Chemist: 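I'd like to ask some things about the structure below.
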Amino acid sequence: MNDTALGGWLEQLLGAKPKDIALYDRALTHGSQAAANYERLEFLGDRVLGLIIAEWLFELFGDEPEGQLSKRLNALVTGPVCATVARANGVAPRLKLGKQARDDGAADSDNVLGDVMEALIGALYLDQGLVAVRLAVRRLWGDRVTMQARAPQHPKSALQEWAAAQNRRPPEYTIIDRSGPHHAPVFTVRVSVGKLAEASASGTSKQEAETAAAAALMAQLEP
């Protein structure tokens with residue numbers, strides 16, 4: 001994709017005409033393609049996204065305490081959510097991947113797409129500033145922020161609270177398998193509450209697998 005085509009797509013995606021196209025080109029570049037890749041921009045974009053979403057939630061839910069706001073924030077800035085936003089806005093076809101990474105399915109990896117979405121936010125922040133990022137994130141995340149009337153309970157927190165209420169041992173999480181290439185790993189985690197019950201689940205990160213396993217166990221305990 002040439003700079004003109006990339007610039008046009010970015011303007012449509014982010015709502016601002018790029019000033020430094022090289023920043024966005026780097027945000028779309030995987031480590032398998034070049035040493036100058038998205039990782040540093042992803043680090044920055046992750047923090048900027050958290051700030052924008054936190055600010056937005058603070059405005060929208062003026063009566064909620066910090067704990068409820070934190071639950072909402074955590075549900076909106078996960079890798080899978082960022083990856084969903086990326087897919088919905090045509091990021092995947094514009095990734096710059098090495099052949100092996102492409103053959104291994106990196107273009108459809110939640111890890112890669114989520115990181116790249118955050119890297120694009122980091123690039124926009126450096127290129128245009130916080131006001132432009134705020135407008136872009138609010139448009140891209142849209143009604144995801146308000147679609148739940150109550151703050152979602154994280155499955156791991158729910159399981160922890162259930163175990164405490166039942167005077168059971170705290171949940172224990174164990175990685176029982178790790179497979180897949182480096183850029184698209186699959187973790188399988190088992191969670192147990194003493195000898196009472198256990199469940200296993202997989203995800204593209206340890207955290208995602210633990211969350212899925214906790215949700216599966218809660219479904220057993222509270223059908």
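This chain uses plain numbering: 1 for the first residue, then up along the sequence. These numbers were taken from a predicted model, which means no experiment stands behind them.
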Chemist: Are Cys82 and Val77 close enough that some pair of their side-chain heavy atoms sits under 4.5 Å apart?
Modeler: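 The answer is no, as the side chains (C-beta and beyond) never meet within the 4.5 Å cut-off.
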Chemist: So for atom OH, which belongs to Tyr125, do other residues, nucleotides or ligands contribute more than 12 heavy atoms lying within a distance under 6.0 Å?
Modeler: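 For Tyr125, atom OH is not crowded (no more than 12 foreign heavy atoms under 6.0 Å).
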Chemist: Nearest 0.5 angstrom please: Lys19 NZ to Leu124 CG, how far?
Modeler: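 One finds 10.0 Å between NZ of Lys19 and CG of Leu124.
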Chemist: Taking C-beta and beyond as the side chain, do Leu49 and Val133 meet within less than 4.5 Å on heavy atoms?
Modeler: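 Answer no - side chains too far apart.
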Chemist: Test side-chain hydrogen bond (donor to acceptor under 3.5 Å, both in side chains) on Ser70 and Glu66; report intermediate values, then the result.
Modeler: CA-CA 6 Å; Ser70 292; Glu66 179 272 338; 2.8 Å; yes
Chemist: Any idea which heavy atoms bring Thr29 and Ala36 closest together, and the distance?
Modeler: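 Heavy atoms of Thr29 and Ala36 come nearest at CG2-O, 3.8 Å.
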Chemist: Gln166 side chain to Glu161 main-chain N or O, any donor-acceptor pair under 3.5 Å?
Modeler: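 No; judged by distance alone, with no hydrogens or angles, the pair does not exist.
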Chemist: Could you tell me whether Asp110 and Arg87 make a salt bridge, using a distance below 4.0 angstrom between a side-chain N and a carboxylate O?
Modeler: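 Salt bridge flag = yes for Arg87 with Asp110.
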Chemist: Please answer: with hydrophobic residues joined when any side-chain heavy atoms are less than 4.5 Å apart, are Ile52 and Phe43 in the same cluster?
Modeler: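 No.
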Chemist: Does Met117 share a hydrophobic cluster with Leu135, counting links as ILVMFWY side-chain heavy atoms below 4.5 Å and allowing steps through other members?
Modeler: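 No, because Met117 and Leu135 fall into different hydrophobic clusters, even though each may have its own neighbours under 4.5 Å.
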Chemist: Quick one: does Ile175's side chain get under 4.5 Å of Lys206's, heavy atoms only?
Modeler: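 Result yes, sub-4.5 Å side-chain heavy-atom pair found.
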Chemist: Quick check: closest heavy atoms across Ala199 and Gln220, and the distance to 0.1 Å?
Modeler: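 Closest heavy-atom pair between Ala199 and Gln220: CB-NE2, 3.5 Å.
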Chemist: In sequence, state the C-alpha distance, the side-chain angles, and the governing distance for Arg134 and Glu55, and then conclude on side-chain contact (heavy atoms from CB on, under 4.5 Å).
Modeler: CA-CA 9 Å; Arg134 181 183 295 115; Glu55 173 192 63; 2.7 Å; yes
Chemist: How many angstroms lie between CG in Leu69 and CH2 in Trp56, if you round to the nearest 0.5 Å?
Modeler: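 The CG atom of Leu69 sits 14.0 Å away from the CH2 atom of Trp56.
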Chemist: Does Arg144 reach the main-chain N or O of Val81 with its side chain, forming a donor-acceptor pair under 3.5 Å?
Modeler: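 Absent.
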Chemist: CD1/Ile21 to CZ/Arg26 distance, rounded to the nearest 0.5 angstrom?
Modeler: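 Result: 15.0 Å between the selected atoms.
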Chemist: Say you draw a straight line from CG of Leu126 to CZ of Arg40; how long is it, rounded to the nearest 0.5 Å?
Modeler: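 Result: 9.5 Å between the selected atoms.
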Chemist: Might you work through the salt bridge (charged side-chain N to carboxylate O under 4.0 Å, His left out) test for Glu118 and Arg47, ending with a clear yes or no?
Modeler: CA-CA 9 Å; Glu118 290 178 336; Arg47 277 73 185 172; over 6 Å; no
Chemist: Is there a side-chain hydrogen bond (donor to acceptor under 3.5 Å, both in side chains) between Asn37 and Gln33? Walk through the geometry before answering.
Modeler: CA-CA 8 Å; Asn37 57 63; Gln33 177 69 16; over 6 Å; no
Chemist: Within this structure, what is the CZ-OG distance for the pair Arg178 and Ser202, rounded to the nearest 0.5 Å?
Modeler: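 That separation rounds to 12.5 Å.
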Chemist: Do Thr204 and Glu208 meet the criterion of a side-chain donor-acceptor pair at a distance under 3.5 Å?
Modeler: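 Note: Thr204 and Glu208 side chains meet the donor-acceptor criterion.
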Chemist: Checking Asn89 side chain against Val85 main chain: does a donor-acceptor pair fall under 3.5 Å?
Modeler: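 Yes; at least one donor-acceptor contact below 3.5 Å.
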Chemist: Is the closest side-chain heavy-atom distance between Arg168 and Leu196 below 4.5 Å?
Modeler: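 Side-chain contact under 4.5 Å: yes.
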Chemist: Which pair of non-hydrogen atoms, one from Val112 and one from Ala106, has the smallest distance, and what is that distance?
Modeler: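 In terms of heavy atoms, the two residues are closest at CB-O, 3.6 Å.
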Chemist: Under 3.5 Å, is there a donor-acceptor pair between the side chain of Ser32 and the main chain of Gly98?
Modeler: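 Side chain of Ser32 to backbone of Gly98, a donor-acceptor pair under 3.5 Å: yes, one is there.
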Chemist: Does one hydrophobic cluster hold both Leu130 and Ile53, with members joined at side-chain heavy-atom distances below 4.5 Å?
Modeler: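 Same cluster: Leu130 reaches Ile53 through Ile, Leu, Val, Met, Phe, Trp or Tyr contacts under 4.5 Å.
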Chemist: Find out whether Leu95 and Leu113 are in side-chain contact, i.e. whether some heavy atom of one side chain is under 4.5 Å from a heavy atom of the other.
Modeler: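 Leu95 vs Leu113: side chains touch.
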Chemist: Provide the closest heavy-atom pair for Val137 versus Ile121 in the form atom of the first, atom of the second, distance.
Modeler: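 Nearest pair, atom of Val137 first, then Ile121: CG2-CD1, 4.1 Å.
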Chemist: When rounded to the nearest 0.5 angstrom, what distance separates CG in Leu120 from CG in Asp115?
Modeler: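 Spacing of CG (Leu120) from CG (Asp115) equals 11.0 Å.
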Chemist: Can Arg190 be said to sit on top of Tyr173's aromatic six-ring, NZ or CZ under 6.0 Å from centre and within 45° of the ring axis?
Modeler: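 Judged by the rule (NZ or CZ under 6.0 Å from the ring centre, within 45° of its axis), Arg190 is not positioned above Tyr173.
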Chemist: Would you indicate whether Glu59, at its atom CD, is surrounded by more than 12 heavy atoms from other residues, nucleotides or ligands within a distance under 6.0 Å?
Modeler: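 Yes, CD of Glu59 has more than 12 neighbouring heavy atoms, counting only those of other groups under 6.0 Å.
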Chemist: Does the side chain of Ile176 reach to within under 4.5 Å of the side chain of Val189, using non-hydrogen atoms?
Modeler: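 No, too far: nothing below the 4.5 Å cut-off.
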Chemist: My understanding is that only residues two or more places apart in sequence, or in another chain, count here; which of them pass side chain to side chain contact (heavy atoms under 4.5 Å, CB included) with Ala212?
Modeler: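 Counting only residues at least two positions away or on another chain, Ala212 forms a side chain to side chain contact (heavy atoms under 4.5 Å, CB included) with Ala201.
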Chemist: Are Pro155 and Met218 side-chain neighbours, meaning at least one heavy-atom pair lies under 4.5 Å?
Modeler: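 Not touching, per the 4.5 Å side-chain cut-off.
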Chemist: What is the minimum heavy-atom distance between Leu28 and Trp9, and which atoms define it?
Modeler: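 Result for this residue pair: CD1-CZ3, 4.1 Å.
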Chemist: Answer yes or no: is there a side-chain heavy-atom contact under 4.5 Å between Thr78 and Thr211?
Modeler: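 No; the side chains remain at least 4.5 Å from each other.
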Chemist: Looking only at heavy atoms, what is the nearest atom pair of His30 and Tyr38, with distance?
Modeler: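 For His30 and Tyr38, the tightest heavy-atom pair comes out as CD2-OH, 3.5 Å.
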